[in-house]
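Following: one structure in structure tokens, then a few remarks.
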Amino acid sequence: MPTFENSDSTADNVHSDRRFGVEHGGIHKPIHTSVQYGFDRIEELIGVFQGTLKGGYSYARQGTPTSAALETKITRLEQGVGTISFATGMAAISAIFLTLLRAGDHVVSSRYVFGNTNSILDTIQGFGINVSKVDAGSVAAVEAALLPTTRIVFVETIANPGTQIPDLVAIGDLCRARGIVYVIDNTILSPALFQPRAVGASLVVQSLTKTIAGHGTALGGAVTDTGLFDWTQYPNIAATYRKGDPTLWGLQQIRKKGLRDMGGTLSPEQAHSISIGAETLNLRVQQTSATALALAEWLAAHPKISAVHYPGLPSHPHHAQAKQLFKAYSWLLSFELHDAAAMSDVLNRLQLPIKATGLGDTRTLIIPVAPTIFWEAGAEVRAQMGIADGLVRLSVGLESLDDLIADFAQALA
Ligand SMILES: *Cc1c(COP(=O)(O)O)cnc(C)c1O
């Protein structure tokens with residue numbers, strides 16, 4: 001396994017872009033906006049096309065020095081062997097499915113996944129890929145769904161909005177034993193709170209838009225290879241990508257098919273903006289997780305609240321696992337009111353949380369789930385995913401705990 005001399009993620013996060021050449025002494029990586037890259041000698045251009053000139057660029061759809069700096073940062077945060085950045089989290093997720101699967105293959109996914117991930121899983125079924133959606137809280141349900149054609153198991157670390165947690169360790173053991181690619185969406189926790197490599201993930205995917213950028217002003221996504229999967233055993237790697245270090249075969253195919261052919265490329269401006277946001281990742285998640293835990297405890301004790309879903313509460317069904325695996329429980333929580341009919345009035349009385357979709361912003365965001373983000377899914381899917389009509393999702397920001405509690409107290413009074 002590759003080891004890094006400096007595995008302190010805080011130092012890596014802040015300094016990684018400077019470890020690969022500083023231009024003019026600027027202490028922040030500049031934004032490279034050039035689409036084309038030229039060379040003095042034609043052999044160098046040929047080397048870029050043939051992959052023999054390391055660190056070379058030809059055309060920005062496949063990457064720029066700015067996106068590469070961000071990719072290095074994410075690789076180090078996730079202790080992986082390489083990362084590919086994308087224009088959005090959904091571009092990263094769809095690239096995994098569309099570049100690594102073929103008609104006739106089978107995917108097992110957690111039933112509790114991001115709504116648009118659930119939707120792309122339906123789309124790929126139209127391409128002849130079979131998908132089973134299971135309650136991944138139990139490894140037995142995942143194992144029971146496996147077929148000889150199962151290529152990928154897909155889960156999220158903490159599901160939005162219900163905060164369910166899969167049986168992360170046992171599913172990792174199962175995937176390793178069966179030679180299946182284990183994909184973990186780490187968007188909610190981020191590598192600052194949990195590195196999916198620790199439970200045997202093959203690929204880590206994230207929406208950089210959320211926790212990592214943190215400021216809600218840039219969209220981005222990333223796929224990181226942890227180096228744990230043996231790509232020589234994966235049938236769908238094309239002969240042309242079965243070259244060089246086998247730990248990078250999967251990423252080579254994802255970059256060539258997912259970026260070069262499908263074109264979901266992260267722009268250099270957004271890559272830069274996300275990199276700047278990532279420098280404060282550790283500070284932000286520490287504060288928002290502490291605030292979310294205290295707010296969850298306060299809400300759970302409030303007589304008008306019937307349920308609070310937050311892995312930091314001992315009442316959460318997966319609390320023990322979360323406590324063992326995660327450094328903190330994240331900024332995501334959801335709750336239900338006893339009187340679901342009062343929901344709109346309560347939300348309208350709140351002054352501080354912004355009524356908006358979105359997650360992982362510096363500002364607290366609040367949204368009723370059933371009539372908005374899960375409206376298109378319909379009542380049946382909502383019931384399967386455990387989404388009650390009165391469920392409210394909260395993405396806790398950087399406001400002070402006292403201010404948030406005072407606001408909820410007056411809105412619920
Ligand atoms: C938001 C989100 C995505 C999609 O990310 P975008 O950057 O919005 O495309 C994927 N997974 C999870 C868990 C998310 O919260």
Side-chain angles (χ1 to χ4, degrees), residues 67 70 74 78 83-98 107 109-124 133 136 152 154-166 168 183-194 196 201 203-224 258-259 262-267 269-271 273-275 277-278 285 288 292 309 311 326 329-334 356-361 365-367 369 372-374 376-377 385 387 393-397:
S67 62
L70 174 63
I74 308 290
E78 289 290 7
T83 296
I84 304 174
S85 57
F86 288 87
T88 65
M90 284 318 302
I93 291 168
S94 56
I96 290 176
F97 294 142
L98 296 174
V107 178
S109 172
S110 165
R111 178 188 297 163
Y112 308 116
V113 290
F114 184 62
N116 305 151
T117 302
N118 191 50
S119 178
I120 185 83
L121 287 166
D122 293 342
T123 304
I124 62 173
K133 298 175 186 174
I152 289 178
F154 185 97
V155 300
E156 294 180 0
T157 39
I158 298 183
N160 145 41
T163 74
Q164 296 91 344
I165 299 172
L168 292 163
V183 182
I184 299 187
D185 182 334
N186 197 28
T187 297
I188 306 298
L189 284 169
S190 88
L193 297 182
F194 175 63
L203 298 175
V204 183
V205 62
Q206 35 219 335
S207 167
L208 303 175
T209 317
K210 315 283 175 56
T211 321
I212 289 189
H215 42 53
T217 63
L219 285 159
V223 177
T224 301
L259 285 188
M262 296 174 193
T265 308
L266 181 65
S267 77
E269 288 86 353
Q270 302 291 65
S273 174
I274 292 165
S275 288
V285 293
T288 52
H309 307 284
F326 309 154
Y329 307 99
S330 95
W331 39 260
L332 173 72
L333 67 96
S334 57
T357 189
L359 296 164
D361 200 287
L365 308 176
I366 195 161
I367 191 164
V369 177
T372 58
I373 42 181
F374 277 92
E376 186 188 302
M385 295 178 83
I387 294 165
R393 181 182 81 188
L394 198 59
S395 168
V396 176

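Because the structure is predicted, anything quoted here is derived from the model rather than measured. Order of listing sets the numbers, starting from 1, for every ligand and every atom in it.
- A donor-acceptor pair is defined here as one N or O able to donate and one able to accept, closer than 3.5 Å; such a pair exists between the side chain of Ser334 and the backbone of Pro161.
- The closest side-chain heavy-atom distance from Asp122 to Lys133 is below 4.5 Å.
- If you run side-chain hydrogen bond (donor to acceptor under 3.5 Å, both in side chains) between Glu78 and each of Asn186, Thr224, Thr83, only Asn186 comes through.
- Under the 4.5 Å side-chain criterion, counting only non-hydrogen atoms from C-beta, Leu359 is in contact with Trp331.
- Closest non-hydrogen pair, Ala92 versus Ala222, comes out as CB-N, 3.8 Å.
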For ligand 1, find each of its N or O atoms that sits under 3.5 Å from a protein N or O atom, and tabulate the pairs with distances to one decimal place.
residue  : atom   : partner : partner atom : Å
ligand 1 : 5 (O)  : Ser207  : OG           : 3.0
ligand 1 : 7 (O)  : Gly89   : N            : 2.8
ligand 1 : 7 (O)  : Ser207  : OG           : 2.8
ligand 1 : 7 (O)  : Thr209  : OG1          : 2.7
ligand 1 : 9 (O)  : Gly89   : N            : 3.1
ligand 1 : 9 (O)  : Met90   : N            : 2.9
ligand 1 : 11 (N) : Asp185  : OD2          : 2.7
ligand 1 : 15 (O) : Lys210  : NZ           : 2.7

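- Using a 30° and 60° split on the angle between ring planes, Phe194 and Phe326 fall in the perpendicular class, above 60°.
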